[in-house]
Protein chains: 2
Amino acid sequence: MLTDTLAALKPADPTIAATVTAHLDNLTKPTGSLGQLETLAVTLATQTGEAFPRVSPPGVLVFAADHGVAAEGVSAFPQDVTAQMVANFVAGGAGINVFARQIGARLEVIDVGVATEVSAPGVVDDKVRPGTANMVEADAMSRDEAVAALEVGIRAAERAIDAGCRCLIVGEMGIANTTTSSALLAAFTEAPVAGLIGRGTGIAETRLAHKQAVIERALAARAPDRNDPLEVLAKLGGLEIAAMAGAYLGGAVRRVPLLVDGFIATVAALVACRLAPATRDYLVFGHRSREPGHAHALAALDAQPLLDLGLRLGEGTGAALAFPLLESATRMLAEMATFESAGVTAGSAG
Amino acid sequence: MLTDTLAALKPADPTIAATVTAHLDNLTKPTGSLGQLETLAVTLATQTGEAFPRVSPPGVLVFAADHGVAAEGVSAFPQDVTAQMVANFVAGGAGINVFARQIGARLEVIDVGVATEVSAPGVVDDKVRPGTANMVEADAMSRDEAVAALEVGIRAAERAIDAGCRCLIVGEMGIANTTTSSALLAAFTEAPVAGLIGRGTGIAETRLAHKQAVIERALAARAPDRNDPLEVLAKLGGLEIAAMAGAYLGGAVRRVPLLVDGFIATVAALVACRLAPATRDYLVFGHRSREPGHAHALAALDAQPLLDLGLRLGEGTGAALAFPLLESATRMLAEMATFESAGVTAGSAG
């Protein structure tokens with residue numbers, strides 16, 4: 001299934017851009033005066049292949065899993081919180097629930113590898129294994145497990161799209177997953193770990209040096225080949241990051257705009273792009289996170305996010321907050337009058 | 001009426017901030033992890049005086065008027081376009097219409113001084129005079145007319161709030177109004193005109209020097225006393241900018257959050273703050289415009305906008321695009337579970 005998806009994934013179609021740009025320049029506004037919203041409209045058109053793209057309803061996919069590296073004391077929260085937050089997601093009380101309701105999203109919570117049994121009704125059980133191994137001591141998972149986790153994401157994307165979703169927002173929950181993400185980013189970019197780590201959910205400044213040392217030990221011990229993205233993913237984890245990458249692949253193959261959240265989501269998008277570079281064409285970046293590694297992850301994908309609000313929650317929240325701008329871009333194309341239809345004299349740039 | 005409004009306008013109440021911050025820190029997310037959205041929630045609470053503020057439905061007020069200085073050839077569009085765009089607003093085809101529909105806003109279009117007769121049905125006729133005089137040659141309007149235009153705005157804010165609106169977005173249409181706004185900003189801040197002007201709706205780079213010279217001639221000829229904001233407004237204009245300032249005053253006195261658009265709206269907000277400094281407490285800034293003078297206007301109000309999307313359309317569009325973030329901030333407060341209610345273990349910063 002992964003092999004078929006990678007083979008079927010095609011670049012976006014740039015030929016529609018000229019048509020959309022010409023339409024934008026006929027709308028009753030000075031040329032280019034809606035700035036990035038106009039760029040966004042063109043991007044959504046090339047992604048979907050439609051001159052009047054639609055992005056509603058969006059689908060939110062929240063993947064949850066645990067990380068063996070949590071045993072190293074890299075998070076401010078105990079590992080139990082992953083399962084507790086899964087229960088919060090299905091009860092509708094987390095940040096992503098609130099913003100998903102606001103934007104009329106279909107929300108699905110998928111257990112791809114929570115360490116304990118998840119009993120909350122409404123969670124999609126697609127567990128590959130109960131948490132990864134501690135990457136400091138062993139490979140986080142096997143290569144087959146990494147493929148299985150990617151396929152969990154592909155299937156989730158297909159379910160959302162088959163249910164009518166026209167845009168995907170991929171979120172996560174997994175205690176210690178900023179540590180895993182920093183390790184993945186360091187492995188792919190060879191950038192020094194010190195610049196790629198942050199306080200995550202809120203560890204003290206003094207614990208940052210420990211987090212850095214843990215990641216450096218893991219990278220030295222695992223020594224993944226950065227030209228083999230599946231190996232990097234298997235050796236470092238995590239299960240939910242693999243599933244997120246899979247969801248991006250599954251969305252891209254169906255030509256659905258993928259609205260990327262913060263640090264962890266961007267690293268997952270980088271994994272997807274290393275597996276299939278054309279995935280990049282289907283990404284729209286929601287926001288710039290306060291997590292220091294995010295700037296590096298964005299740079300690795302040559303990405304300019306829509307929002308910059310100092311967020312660092314994850315779950316897909318920053319992407320959900322940015323979604324109304326995608327909706328605005330599509331409405332601008334579909335609903336604004338042209339100079340001719342409105343009887344407005346067009347300006348001259350002279 | 002203006003005198004009464006200025007006398008009744010009181011600062012926002014900062015005492016509620018501690019209550020709201022304590023609630024935010026109990027919600028199921030790492031402390032402070034929703035960044036500026038949390039700051040925004042506290043601001044909306046101090047503005048409204050409610051621990052769980054509401055901002056929907058918003059009211060959009062679009063004020064239209066003409067500027068005598070258009071005769072100097074400072075715009076890429078002929079003056080007729082003001083009236084043509086008013087017709088477009090009531091027909092629902094302009095950018096602000098599209099985004100107002102998206103956010104469920106009540107939209108009102110007010111003719112406070114279009115040069116020609118406006119026959120479009122649905123426009124609120126509150127014309128003070130048919131366009132200002134050319135500020136290069138004469139005072140744009142009399143002091144009494146400036147008061148009347150401010151009162152048009154106060155009345156419009158009252159109508160919107162009486163109709164149930166919980167947040168005001170104030171927009172404008174007036175060919176040449178970036179020229180007037182730059183003149184006002186230069187008069188208030190004494191900054192050099194060269195740094196306060198831009199291409200407006202799209203004049204060529206080569207016409208910028210002409211625009212600068214026109215503003216400098218007007219400032220020299222009118223020589224307004226910057227410590228008398230009503231005199232500055234009367235001498236330079238414009239009628240819609242005065243009405244916008246009035247709408248901010250009328251909203252602030254009713255403790256309604258005022259979501260400020262781009263360059264012209266920010267200059268109007270500056271006028272309101274010079275008339276009644278407590279108005280500043282009720283402002284939230286929607287976006288950073290590409291119009292160069294906007295950075296100076298924002299700095300004069302110590303303002304940090306929510307969005308930075310290279311917009312320069314006006315009409316209230318940038319504020320309308322930012323509105324979903326205000327809605328998100330209020331929903332975060334009202335709908336997110338607490339650690340206790342969700343049974344989630346709170347983290348330690350240790």
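Chain letters run A, B, ... following the sequence lines, proteins first and then strands; every chain starts at 1.
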Enquirer: Is the A:His287 ring parallel, tilted or perpendicular to the A:His294 ring (thresholds 30°, 60°)?
Expert: tilted
Enquirer: So which of B:Ala337, B:Gly314, B:Ala94, B:Ser289 has the largest heavy-atom pair count under 4.5 angstrom toward chain A?
Expert: B:Ala337
Enquirer: Heavy-atom pairs under 4.5 Å with chain A: which of B:Leu313, B:Thr39, B:Leu321 has the most?
Expert: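 The answer is B:Leu313.
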Enquirer: Below 4.5 Å from any heavy atom of chain A, which atoms of B:Leu306 appear? Answer side chain, backbone, both or neither.
Expert: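 Both backbone and side chain of B:Leu306 come within 4.5 Å of chain A.
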Enquirer: Which bit of B:Leu325 comes within less than 4.5 Å of chain A, counting heavy atoms only: side chain, backbone, both or neither?
Expert: side chain
Enquirer: Which region of B:Arg331, side chain (C-beta onward) or backbone (N, CA, C, O), has a non-hydrogen atom less than 4.5 Å from a non-hydrogen atom of chain A, or is it both or neither?
Expert: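 For B:Arg331, backbone and side chain are both near chain A.
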Enquirer: Report yes if the side chains of B:Asp111 and B:Val86 come closer than 4.5 Å at any heavy-atom pair, otherwise no.
Expert: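 Counting from C-beta outward, B:Asp111 and B:Val86 never come under 4.5 Å.
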Enquirer: Please flag which part of B:Asp308 lies under 4.5 Å from any non-hydrogen atom of chain A: side chain, backbone, both or neither.
Expert: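 Contact with chain A: backbone only.
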Enquirer: Going through the distances and angles, do A:His67 and A:Glu240 end up as a side chain to side chain donor-acceptor pair (under 3.5 Å)?
Expert: CA-CA 9 Å; A:His67 296 252; A:Glu240 87 281 40; 2.6 Å; yes
Enquirer: Between A:Ser328, A:Ala342, A:Gly318, which shows the greatest number of heavy-atom pairs under 4.5 Å with chain B?
Expert: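 So the answer, after comparing A:Ser328, A:Ala342, A:Gly318, is A:Ser328.
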Enquirer: Could you tell me which of A:Asn88, A:Thr317, A:Asp80, A:Asn97 has the largest number of non-hydrogen atom pairs under 4.5 Å with chain B?
Expert: A:Asn88
Enquirer: Which answer fits B:Thr31, side chain, backbone, both or neither, if we ask what part of it has an atom under 4.5 Å from a heavy atom of chain A?
Expert: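 Just the backbone, heavy atoms under 4.5 Å.
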Enquirer: Check whether B:Glu327 gets within reach of chain A through its side chain, its backbone, both or neither, counting any heavy atom under 4.5 Å.
Expert: both
Enquirer: When you compare the side chain of A:Arg106 with that of A:Pro57, does any pair of heavy atoms fall below 4.5 Å?
Expert: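 With C-beta onward as the side chain, the pair stays apart.
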Enquirer: Where does B:Pro78 contact chain A at under 4.5 Å (heavy atoms): side chain, backbone, both or neither?
Expert: side chain
Enquirer: I'd like to check B:Leu37 versus A:Phe99 (side-chain heavy atoms, cut-off strictly below 4.5 Å). Are they in contact?
Expert: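 They are in side-chain contact.
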Enquirer: Using a 4.5 angstrom heavy-atom cutoff, name the option from B:Gln102, B:Arg312, B:Arg101, B:Glu38 with the most pairs to chain A.
Expert: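 Result: the option with the highest number of such pairs is B:Gln102.
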Enquirer: Under 4.5 Å heavy-atom distance to chain A, tell me which part of B:Val98 shows up: side chain, backbone, both or neither.
Expert: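 When you check distances to chain A, atoms from both the backbone and side chain of B:Val98 fall under 4.5 Å.
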Enquirer: Based on non-hydrogen pairs under 4.5 Å, which of B:Pro30, B:Gly92, B:Ser33 is most in contact with chain A?
Expert: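 It is B:Ser33.
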Enquirer: With chain A as the partner, which of B:Val81, B:Leu34, B:Leu40 has the greatest number of non-hydrogen pairs under 4.5 Å?
Expert: B:Leu34
Enquirer: If you count heavy-atom pairs under 4.5 Å with chain B, which of A:Ala91, A:Pro324, A:Gly310 comes out on top?
Expert: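 Sorted descending by pairs with chain B, the first entry is A:Pro324.
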Enquirer: Given side chains that start at C-beta, do those of A:Phe89 and A:Val123 come closer than 4.5 Å, heavy atoms only?
Expert: no
Enquirer: Flag the one option from B:Leu311, B:Leu309, B:Thr338 with the top tally of heavy-atom pairs under 4.5 Å to chain A.
Expert: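 Of the options given, most contacts go to B:Leu309.
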Enquirer: For a 4.5 angstrom cut-off between non-hydrogen side-chain atoms, does B:Leu333 reach B:Pro53?
Expert: yes
Enquirer: Let me know if B:Phe339 has heavy atoms under 4.5 Å from chain A in its side chain, its backbone, both or neither.
Expert: side chain
Enquirer: Can you find a pair of side-chain heavy atoms, one from A:Leu27 and one from A:His23, that are under 4.5 Å apart?
Expert: yes
Enquirer: Mark yes or no for whether B:Glu72, through its side chain, and B:Val214, through its backbone, hold a donor-acceptor pair below 3.5 Å.
Expert: no
Enquirer: Assess the residue pair B:Thr178 and B:Lys211 against the criterion (side chain to side chain donor-acceptor pair (under 3.5 Å)); give the C-alpha distance rounded to whole Å, side-chain angles, the decisive distance to 0.1 Å, and a yes or no.
Expert: CA-CA 10 Å; B:Thr178 60; B:Lys211 185 169 174 177; 2.8 Å; yes
Enquirer: Can you tell me how far the CD1 atom of A:Ile175 sits from the CE atom of A:Met85, to the nearest 0.5 Å?
Expert: 8.5 Å
